[in-house]
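Please read the structure below before turning to the comments.
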There are 2 protein chains.
Amino acid sequence: MSEPATNAEREQAILDAASALITHYGYDKTTVEDIAQQAGVAKGTIYLHFRSKDDLFSALIAREAQRVAERSFALIDADPEGVTVYTIFRYGWQAMQENPLLRAVYVRDRRVLGDYVRRLASLPQFSQMVSLSGEFIQHFQRLGLIRADLDPDALLYVLTSFRYGLLVGDAVVPLSRTSVETVGEVISKLLASGIGPQGDSAKSEEGLRILRDLYAKGLEFMRANGRQASKDSNPGSGTI
Amino acid sequence: MSEPATNAEREQAILDAASALITHYGYDKTTVEDIAQQAGVAKGTIYLHFRSKDDLFSALIAREAQRVAERSFALIDADPEGVTVYTIFRYGWQAMQENPLLRAVYVRDRRVLGDYVRRLASLPQFSQMVSLSGEFIQHFQRLGLIRADLDPDALLYVLTSFRYGLLVGDAVVPLSRTSVETVGEVISKLLASGIGPQGDSAKSEEGLRILRDLYAKGLEFMRANGRQASKDSNPGSGTI
DNA sequence: TTATGACCATTCGGACGATTCTGGTCATCA
DNA sequence: TGATGACCAGAATCGTCCGAATGGTCATAA
């Protein structure tokens with residue numbers, strides 16, 4: 001049982017433990033002691049990596065957000081359609097859907113977040129990060145990747161509500177009656193003909209650039225705002 | 001200040017009072033005494049019309065549901081497009097949106113419903129009533145009023161989630177940045193090209209018939225299930 | 001006959017203190 | 001030098017109590 005765990009590995013282990021416990025028992029019911037035990041370290045060790053319990057949670061959210069973003073990019077790349085408004089939306093939803101913790105954060109699930117919800121002032125920003133901002137829509141309309149006869153503000157409202165509904169959705173109708181893939185297909189088809197683009201557009205390279213841009217901006221904001229301090233600077237993570 | 005209030009008028013006054021107080025203070029915080037006072041009757045009088053506080057609330061919900069349904073039909077009729085999937089959806093949403101109480105019921109707002117949420121077992125049925133059921137979608141697909149290449153179960157999930165999101169929506173993005181009309185237009189346009197119908201279809205008469213059918217069925221269910229008993233049988237309300 | 005409001009049994013909700021638990025620290029140890 | 005876990009102050013929780021308020025009834029009055 002001798003684990004030569006490096007510093008970074010230990011930090012990840014702590015985050016893993018926190019993730020599992022919090023998604024299951026909720027933030028309030030999960031004690032720092034629990035996390036330490038699950039991660040196989042002493043309680044004090046946690047405070048060598050994170051300033052406070054809240055800081056630990058912020059770091060966890062940031063990590064999961066990055067994962068979700070990467071996962072959604074991977075899904076988009078794997079789809080022959082490539083980067084379009086509807087694949088962005090579809091796989092953005094799917095990636096989020098697959099990550100219980102982040103979904104809980106996004107829909108402000110009190111059962112998981114507990115009293116932490118009140119401290120989530122920076123969350124509007126966060127929800128933008130997940131690739132739905134006014135900026136995004138206007139850029140895409142300019143490029144002809146979203147039909148231009150839709151009022152951008154209203155469209156933002158509609159799409160945001162749509163995504164929100166999809167993420168809380170199974171509270172109303174159980175998703176179990178279908179599958180993530182089937183629903184994803186419907187979303188794609190509906191949005192493809194619903195908001196465009198109409199024909200093939202060569203501008204999609206530009207769209208991809210803008211998307212990556214917004215994504216990077218979002219993650220940067222999250223990193224700056226999320227963790228207040230950490231003892232070690234994570235060096236790698238080169239890819240975007 | 002002498003009001004010759006008839007029996008039915010008095011009942012409506014009680015419901016009006018309940019509606020105003022409950023939407024403002026919530027079900028738990030609103031006492032029967034409050035309702036009586038606001039309606040200008042004695043507390044005992046309320047129990048001549050309704051078996052219990054819960055029964056009064058059921059009746060109120062039923063009344064508001066009827067109003068919302070009628071309002072949505074009126075809006076559809078006023079639109080030159082007439083009966084289509086997207087006008088149904090659009091104005092169904094708008095009518096609901098305009099009725100704070102029913103919206104609270106639909107999204108199960110604890111702040112308004114208080115402990116009553118637990119007694120809302122029959123509400124899945126209710127949510128169907130508001131013109132979104134699997135039946136509805138399949139009929140419309142058969143008639144060519146909804147494109148047939150979308151999996152009906154998944155589409156039901158998507159549309160239900162969509163509507164849900166739109167109704168809770170302003171929690172995420174404030175609706176105040178746009179208007180109900182603008183958002184409504186976007187919804188119409190998006191769904192028109194998103195789920196159809198593609199060309200003009202002559203079957204829309206049939207669609208209207210089915211819709212009225214489902215609507216009537218829903219209201220009947222609500223009436224049967226909602227109020228347990230009431231001292232007076234409301235005679236009028238002939239239109240559907 | 002019909003509406004009323006005083007009345008009752010029950011529940012609700014705040015106060016209070018005892019007790020446990022939790023986040024965070026720090027002297028100690030490997 | 002870095003990890004540990006005993007330790008502390010403050011917060012949350014539980015149990016108990018009691019007065020106020022609430023839903024519902026019914027004898028009385030209009």
Side-chain angles (χ1 to χ4, degrees), chain A residues 1-15 17-18 21-22 25-60 110 113-119 227-233, chain B residues 1-15 17-18 21-22 25-60 110 113-119 227-233:
Chain A
M1 284 286 182
S2 64
E3 301 179 22
T6 73
N7 214 319
E9 279 173 353
R10 194 172 270 134
E11 184 163 318
Q12 292 306 309
I14 293 173
L15 291 179
L21 292 174
I22 291 174
Y25 297 104
Y27 187 71
D28 287 345
K29 297 285 178 198
T30 301
T31 74
V32 176
E33 178 64 46
D34 292 340
I35 297 172
Q37 200 169 337
Q38 172 91 5
V41 300
K43 191 165 63 152
T45 307
I46 288 181
Y47 288 90
L48 297 176
H49 289 267
F50 307 98
R51 271 197 169 170
S52 65
K53 191 188 179 189
D54 271 20
D55 182 48
L56 161 59
F57 194 40
S58 293
L60 177 58
R110 304 187 82 87
L113 301 184
D115 261 358
Y116 190 83
V117 276
R118 297 182 194 167
R119 277 160 267 160
R227 313 187 59 174
Q228 308 292 342
S230 164
K231 293 292 161 63
D232 71 310
S233 55
Chain B
M1 283 283 181
S2 65
E3 301 179 22
T6 74
N7 213 321
E9 279 173 353
R10 194 171 269 135
E11 184 163 318
Q12 292 306 309
I14 292 172
L15 290 178
L21 292 174
I22 291 173
Y25 297 104
Y27 187 71
D28 288 346
K29 296 286 178 197
T30 301
T31 74
V32 176
E33 179 64 46
D34 291 341
I35 296 173
Q37 201 169 336
Q38 171 93 4
V41 300
K43 189 165 64 152
T45 307
I46 287 182
Y47 289 90
L48 297 176
H49 289 266
F50 308 97
R51 271 195 169 171
S52 65
K53 192 189 181 189
D54 270 20
D55 183 47
L56 161 59
F57 194 39
S58 293
L60 177 58
R110 304 186 82 87
L113 301 184
D115 260 358
Y116 191 82
V117 276
R118 295 181 194 169
R119 278 160 266 160
R227 313 187 58 174
Q228 308 292 344
S230 164
K231 292 293 162 61
D232 71 310
S233 54

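Naming convention: chains lettered A, B, ... in sequence-line order (proteins, then strands); numbering from 1 in each chain. Just so we're clear, the structure is a prediction, and the values are computed from it rather than from any experiment.
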Can you tell me the distance, in whole Å, between the CG atom of Asp115(A) and the C1' atom of dA11(D)? 12 Å

Atom-pair distance (OH on Tyr25(B); P on dA21(D)), nearest Å: 17 Å

Measure the spacing between CG of Asp55(B) and NE2 of His49(B) and express it to the nearest 0.5 Å. 12.0 Å

Ile22(B) and Leu113(B), any side-chain heavy atoms less than 4.5 Å apart: no

Within 45 degrees of the axis of the six-membered ring of Tyr27(A) and under 6.0 Å from its centre: does Lys53(A) put its NZ or CZ there? yes

Atom CD of Gln37(A) to atom C1' of dC21(C): distance rounded to whole Å? 15 Å

Regarding the side chain of Lys43(B), the nearest nucleotide among dG24(C), dG23(D), dG5(C) is dG23(D)

With side chains defined as the heavy atoms from C-beta onward, is the minimum distance between Phe50(A) and Ile14(A) less than 4.5 Å? yes

For Lys53(A), which contact category applies under a 4.0 Å heavy-atom criterion: base, sugar-phosphate, or nothing? sugar-phosphate

Measure from the side chain of Ala42(A), starting at C-beta and using heavy atoms only, and say which of dG5(C), dT4(D), dG23(C) lies closest. dT4(D)

Please round to the nearest 0.5 Å and tell me the distance separating atom CD1 of Ile35(B) and atom OG1 of Thr30(B). 6.0 Å

Send over the distance from Glu33(A) CD to dT25(C) C1', rounded to a whole Å. 14 Å

Grab the CZ-C1' distance between Phe50(A) and dT22(C) for me, whole Å please. 19 Å

Once you apply a heavy-atom cut-off of 4.0 Å, does Thr45(A) come out as touching a base, just sugar-phosphate, or nothing? base

Please state how far atom CD in Glu11(B) lies from atom C1' in dT2(C), giving the value in whole angstrom units. 15 Å

Which is more 5' along DNA chain C, the nucleotide nearest Gly44(A) or the one nearest Asp34(A)? Just name the residue. Asp34(A)

Answer yes or no: does a side-chain N or O of Arg10(B) lie under 4.0 Å from OP1 or OP2 of dA3(C)? yes

Expressed in angstrom and rounded to an integer, what is the separation of Tyr47(A) atom OH from dG5(D) atom P? 16 Å

Here the distance between atom C1' of dG23(D) and atom CD1 of Ile22(B), to the nearest Å, is 14 Å

